[in-house]
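Have a look at the structure below before the remarks.
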Amino acid sequence: MQLSKRIQQITTDGSDGWEILYKSRAMIAKGQDVLELTIGEHDIRTDPKILAAMHQSALGGHTGYASVPGTPELRRAVAARVQERTGVPTSHKNVLITPGGQAGLFAAILCATDPGDGVVHLDPYYATYPTSIRAASCVPMPIKTGPENDFQPSAADLATRPEGARAFLMNSPNNPTGNVYSTETIEAVAEYVQNNDLTLISDEVYDTQIWSGAHVSPRALPNMAERTIVIGSMSKSHAMTGSRIGWVIAPEGAIENMIDLATNTTYGVAGFVQDAALFALSQGEVFEEKIAASFKRRREIALSILQGFPNIPMIAPRGGMYLMLDVRKTGLSGIEFANRLLDERSIAVMPGESFGDSAAGHIRVAMTITDDRFGDALRGLCEYAESLMHG
Ligand code: PLP
């Protein structure tokens, strides 16, 4: 079959960066006990109360085509949530319900760009950013950031004029670094976006997982609501990764166009999933804190363990479910370290390189197994790194 250039160029080197995950899954399938710290998914399943609401909705008949933009009730609930959390007036007309944040990201990129346009994003980045940008026939324009500044962009990083760019994609709380950008950083990004007349796509899917500092949505800054598309998701906040439900927040006109796109791509989200999401949102903040609590706890465990390993610096984990560790003193790249750790110690972590050149020599550790196993895995990982440094 003749394949389009567009679809063939999604992954440039044939790698999607997830090889370690596939390798560890193959080992687990063969019965090996692997301490699996790769993927960003909770070790708990979706709460039975949410599943009961989903079941009830399906039994009640919400199994036909659902409203493409989202049910009016869910769009209103999401709008009210966003307004309450950010103070920005938001109505259901600013909301499109999507099958997860990923579909929202792709819709946002298509909404903000034309083929050939550049999309600026920070490096390190969530693994699907460059691939989603290329899938939209656009060009990724990474801005490299460094560990010395916890991978936050500095004024110098934001000084270059992004020739050919139409959009800027940012993510705070950040995957993979665990950073929550400071107000100053968010303000600097807002200024950069306005000075260069870009649309800002703000991926906020970890906004319920803040451990230090405060999450500032750039849409709430002066003059930003008109040029910002926010991506939200129930995946991380409500442990609903498999239900595939999230949203896009944008100016009304942009949402109308993204509804056209949804009509021609996803044709909406299952009605019973939307009803379950509505129920889940009604459970309030205490419920969301419960979902996030294990990551908060494991972050504390990690801080305490890493005190004993000064040769393995960690980027201050301020939010989300990941830690970013600097293993450069082992003399190995992140990829070599992750492969050897898996082969020799049966501990699976993601190499920093999967998230961009800026994270070379680092590894991303997902805090997604039970506290005891997590502690053992992190200690094992650090001891292994130390043995390489002294070996
Ligand atoms: N954005 C970031 C930064 C993520 O880490 C993820 C998932 O890991 C997503 C978006 C997409 O999440 P989902 O499609 O499950 O909502």
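Just the heavy atoms: all of them, side chains too, but no hydrogens, waters or symmetry mates, feed the values below. Just so you know, these numbers come straight off a predicted model, no measurement behind them. Read the numbers this way: they start at 1 and go in the same order the structure lists the ligands and their atoms.
Close contacts of ligand 1 with G100, meaning ligand atoms under 4.0 Å from a residue heavy atom, involve 14 (O), 16 (O). Here is the list of ligand 1 atoms found below 4.0 Å of a heavy atom in S233: 13 (P), 16 (O). Every atom of ligand 1 with a heavy atom of V205 under 4.0 Å away is listed here by number and element: 1 (N), 2 (C), 4 (C), 10 (C). Close approach of ligand 1 to N171 is summarised as follows: ligand atoms under 4.0 Å from at least one heavy atom of the residue are 3 (C). Every atom of ligand 1 is numbered from 1 in the order shown, and the set under 4.0 Å from a heavy atom of G101 is 13 (P), 14 (O), 16 (O).
Inclusion of Y129 in the set of residues having an N or O under 3.5 Å from an N or O of ligand 1 is not warranted. Polar contact with ligand 1: absent for G40 (N/O pair, distance under 3.5 Å). On a distance-only criterion, Y206 and ligand 1 share at least one N/O pair closer than 3.5 Å.
Classification of D343 and K23 as a salt-bridged pair holds, one side-chain N sitting under 4.0 Å from a carboxylate O. Taking a cutoff of 4.0 Å between a charged side-chain nitrogen and a carboxylate oxygen, E288 and R81 qualify as a salt bridge. Taking 4.0 Å as the cut-off between side-chain N and carboxylate O, D197 and R166 do not count as a salt-bridged pair. Under a 4.0 Å N-O distance rule, the pair R298/D371 qualifies as a salt bridge.
For the residue pair T90 and R219, a side-chain donor N or O sits within less than 3.5 Å of a side-chain acceptor on the partner. Between the side chains of T263 and D260, no donor N or O sits under 3.5 Å from an acceptor N or O. A side-chain donor-acceptor contact under 3.5 Å links S132 and Q102.
Linking ILVMFWY side-chain heavy atoms closer than 4.5 Å, directly or via other members, places L221 and L198 in a single hydrophobic cluster.
Of the protein's heavy atoms, Y126 CE2, 3.6 Å lies nearest to atom 9 (C) of ligand 1. For atom 15 (O) of ligand 1, the nearest protein heavy atom (residue, atom name, distance) is S235 OG, 2.7 Å. Here the heavy atom of the protein found nearest to atom 10 (C) of ligand 1 is D203 OD2, 3.4 Å.
Distances from ligand 1 to the non-hydrogen atoms of R244 include at least one value under 4.0 Å.
When the options Q102, K236, E41 are ranked by their closest heavy atom to atom 8 (O) of ligand 1, first place goes to K236.
Atom CD1 of I312 and atom CZ of R328 lie 13.0 Å apart (nearest 0.5 Å).
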